[in-house]
Protein chains: 2
Amino acid sequence: MTHARYDCNEGCPVEAALEVIGGKWKGIVLYHLLSETIRFNELRRLIPEVTQRMLTKQLRELEADKLILRKVYPEVPPKVEYSMSEYGKTLAPVIHALKDWGTKHKQKQKA
Amino acid sequence: MTHARYDCNEGCPVEAALEVIGGKWKGIVLYHLLSETIRFNELRRLIPEVTQRMLTKQLRELEADKLILRKVYPEVPPKVEYSMSEYGKTLAPVIHALKDWGTKHKQKQKA
DNA sequence: TTATATAGTATCCTTTTGTATACCATTAGT
DNA sequence: ACTAATGGTATACAAAAGGATACTATATAA
């Protein structure tokens, strides 16, 4: 998702937000991280469909946008924990609004 | 945006919602339609960066997802009006959450 | 007669996104 | 000596999304 036009009009904040959370797995990742700190491979188990490469990519992008924190423990085997930043936590209402609507939407689709 | 995995886990409703509103121009389009019924070329003027082809595509997808209504007037020159469906209106809280966060996010980026 | 406005299609191309697969270092366990 | 677990990276490829441009029909206005 690439929407770089911030200089258009009133509706653009919507696009600005979607640009940040619209990556293929970002929604689920943020959703999980909103409830707890999670290690890399734990995330993979929570989201079995995602490939390692994609998960890494999405996490890096979220980190670059300052939404999540990445903490590396100098251990062997490696240990890396991901958590929401304070800034990222401001997304909570958005994620919950998406989740609520998505839940109803899925039900409607089945019916 | 293509996230077709609905059968994964708890976080998926978030992705289900993003799948529906995550197209490049869908956010702005929905935002505008939430406040009024708009003709095709009016939308183009509201969103000058979008090409005709992309606008048509996004509108068709939104229509296929039952979020918007398309009303054609049998006139020449053509007149086509787009408006939110009742179902689409249930997206209002989501769009507003996105807009509120996006507004703050843009301010933060500038600072 | 020519231009303008409407709401689009059709075709081709580029960019972005996502997948598959193999590979790496280190340590603990068997 | 071999295996598994950790959290990745590198390379190659396929698919999806988006963009640029040209084209259409019809009626009205200049």
Side-chain angles (χ1 to χ4, degrees), chain A residues 1-6 8 12 14-16 18-29 32-33 37-65 68-83, chain B residues 1-6 8 12 15-16 18-30 32-33 37-65 68-83:
Chain A
M1 181 138 314
T2 312
H3 334 214
R5 295 224 96 82
Y6 281 180
C8 49
C12 280
V14 180
E15 294 300 320
L18 283 172
E19 183 176 357
V20 163
I21 64 174
K24 183 154 178 186
W25 308 98
K26 289 183 184 175
I28 314 186
V29 168
H32 285 300
L33 289 183
T37 293
I38 313 184
R39 294 181 61 178
F40 184 81
N41 272 4
E42 283 183 82
L43 269 174
R44 289 186 67 188
R45 281 187 284 268
L46 286 171
I47 314 166
E49 307 82 12
V50 75
T51 61
Q52 193 168 31
R53 179 179 177 278
M54 282 309 298
L55 183 54
T56 302
K57 263 188 75 175
Q58 305 286 298
L59 288 168
R60 290 290 189 284
E61 290 177 16
L62 291 171
E63 197 193 352
D65 284 327
I68 65 172
L69 302 174
R70 178 172 181 265
K71 181 166 184 187
V72 183
Y73 293 79
E75 300 177 7
V76 170
K79 176 175 175 182
V80 179
E81 279 182 354
Y82 291 93
S83 59
Chain B
M1 175 136 318
T2 313
H3 335 214
R5 296 225 96 82
Y6 282 179
C8 50
C12 280
E15 294 300 320
L18 283 174
E19 184 175 356
V20 163
I21 65 174
K24 184 154 179 185
W25 307 98
K26 290 183 184 174
I28 313 186
V29 168
L30 290 171
H32 286 299
L33 290 183
T37 293
I38 312 184
R39 291 181 64 177
F40 183 79
N41 272 5
E42 283 184 82
L43 269 175
R44 288 186 70 189
R45 282 186 283 268
L46 286 171
I47 314 168
E49 307 82 13
V50 75
T51 61
Q52 195 166 30
R53 177 182 176 276
M54 280 311 298
L55 183 55
T56 302
K57 263 188 76 176
Q58 304 285 293
L59 288 168
R60 291 290 190 284
E61 290 176 18
L62 291 171
E63 195 192 354
D65 285 326
I68 66 172
L69 302 174
R70 177 172 182 265
K71 180 165 185 189
V72 182
Y73 294 79
E75 300 176 7
V76 170
K79 176 175 174 182
V80 179
E81 279 182 351
Y82 291 93
S83 58

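All values reported here derive from a predicted model rather than from experimental measurement. Convention: sequence-line order gives letters A, B, ...; per-chain numbering from 1.
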Asks: Walk along nucleotides 22-30 of chain C from 5' to 3' and tag each nucleotide B, S or - by protein heavy-atom contact under 4.0 Å, base first, then sugar-phosphate.
Replies: ----BS---

Asks: State, with a plain yes or no, whether a side-chain heavy atom of A:Val29 is found less than 4.5 Å away from one of A:Lys26.
Replies: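 SC-SC contact between A:Val29 and A:Lys26 ruled out.
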
Asks: Is B:Arg44 side chain donor-acceptor paired with the C:dT6 base, going by distance under 3.5 Å alone?
Replies: no

Asks: Base, sugar-phosphate, or nothing for A:Lys79, non-hydrogen atoms under 4.0 angstrom?
Replies: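 Result for A:Lys79 = sugar-phosphate.
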
Asks: Provide, to the nearest angstrom, the distance between the CG atom belonging to A:Asn41 and the P atom belonging to D:dA5.
Replies: 10 Å

Asks: What's the spacing between A:Lys57 NZ and A:Lys24 NZ if we round to 0.5 Å?
Replies: 11.5 Å

Asks: Let me know the distance between CG of A:Leu18 and C1' of D:dA17, rounded to the nearest Å.
Replies: 15 Å

Asks: Which part of the nucleic acid does B:Glu81 contact within heavy-atom distance under 4.0 Å: base, sugar-phosphate only, or nothing?
Replies: nothing

Asks: Using 0.5 Å steps for rounding, measure from the CE atom of B:Met54 to the CG atom of B:Leu59.
Replies: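 Rounded to the nearest 0.5 Å, the CE-CG separation comes to 10.5 Å.
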
Asks: Distance check needed: D:dG8 C1' versus A:Glu75 CD, whole Å only.
Replies: 16 Å

Asks: What is the distance from NZ of B:Lys57 to P of D:dA16, rounded to the nearest Å?
Replies: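 Going from B:Lys57 (NZ) to D:dA16 (P), I get 11 Å.
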
Asks: Of the nucleotides D:dG19, C:dG18, C:dG8, which one has an atom closest to the side chain of A:Arg53?
Replies: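 Of the options given, the side chain of A:Arg53 lies nearest C:dG18.
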
Asks: Take the protein atom CD of B:Glu61 and the nucleotide atom C1' of D:dA16, then report the distance between them rounded to whole Å.
Replies: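 Roughly 11 Å, once rounded to whole Å.
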
Asks: Do B:Leu55 and B:Arg44 touch side chain to side chain, with heavy atoms closer than 4.5 Å?
Replies: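 A side-chain contact under 4.5 Å exists here.
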
Asks: With rounding to the nearest 0.5 Å, note down the distance linking CG in B:Leu43 to CD1 in B:Ile28.
Replies: 10.0 Å

Asks: Taking only side-chain nitrogens and oxygens of A:Arg60, does any of them come within less than 4.0 Å of OP1 or OP2 of D:dG7?
Replies: no

Asks: With respect to the phosphate group of C:dT19, does any side-chain polar atom (N or O) of A:Lys24 fall under 4.0 Å of OP1 or OP2?
Replies: yes

Asks: Give, for atom OG1 of A:Thr56 and atom CD of A:Glu63, the distance between the pair rounded to the nearest 0.5 Å.
Replies: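 The distance works out to 11.0 Å.
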
Asks: Describe the nucleic acid contact of B:Tyr82 in one word from base, sugar-phosphate, nothing, applying a heavy-atom distance below 4.0 Å.
Replies: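 Sugar-phosphate, no base atom in range.
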
Asks: Rounded at 0.5 Å granularity, tell me how far CG in A:Leu33 sits from CD in A:Glu81.
Replies: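 With rounding to 0.5 Å, CG (A:Leu33) is 11.0 Å from CD (A:Glu81).
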
Asks: Round to a whole Å and report the spacing from CH2 of B:Trp25 to C1' of D:dA17.
Replies: 13 Å

Asks: Counting side-chain heavy atoms from CB outward, which of C:dA7, D:dG7, C:dG18 is closest to A:Arg70?
Replies: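 Closest nucleotide among those given: D:dG7.
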
Asks: Touch check for B:Glu42, heavy atoms < 4.0 angstrom, all strands: base, sugar-phosphate only, or nothing?
Replies: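 No contact.
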
Asks: Rounding to a whole Å, what distance do you find between B:Met54:CE and C:dT11:P?
Replies: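 Atom-to-atom, B:Met54 to C:dT11, this comes out as 18 Å.
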
Asks: Return no unless some side-chain N or O of B:Arg45 is found under 4.0 Å from OP1 or OP2 of C:dT6.
Replies: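 For C:dT6, OP1/OP2 do have a side-chain N/O of B:Arg45 under 4.0 Å.
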
Asks: If you measure from CH2 on A:Trp25 to CG on B:Leu18, what distance do you get to the nearest 0.5 Å?
Replies: 12.5 Å

Asks: Using atom CG of B:Leu55 as one end and atom P of D:dG19 as the other, report the distance to the nearest whole Å.
Replies: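 B:Leu55 atom CG is separated from D:dG19 atom P by 12 Å.
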
Asks: Which of these nucleotides, C:dA7, D:dG18, D:dT9, is closest to any side-chain atom of A:Thr56?
Replies: D:dT9

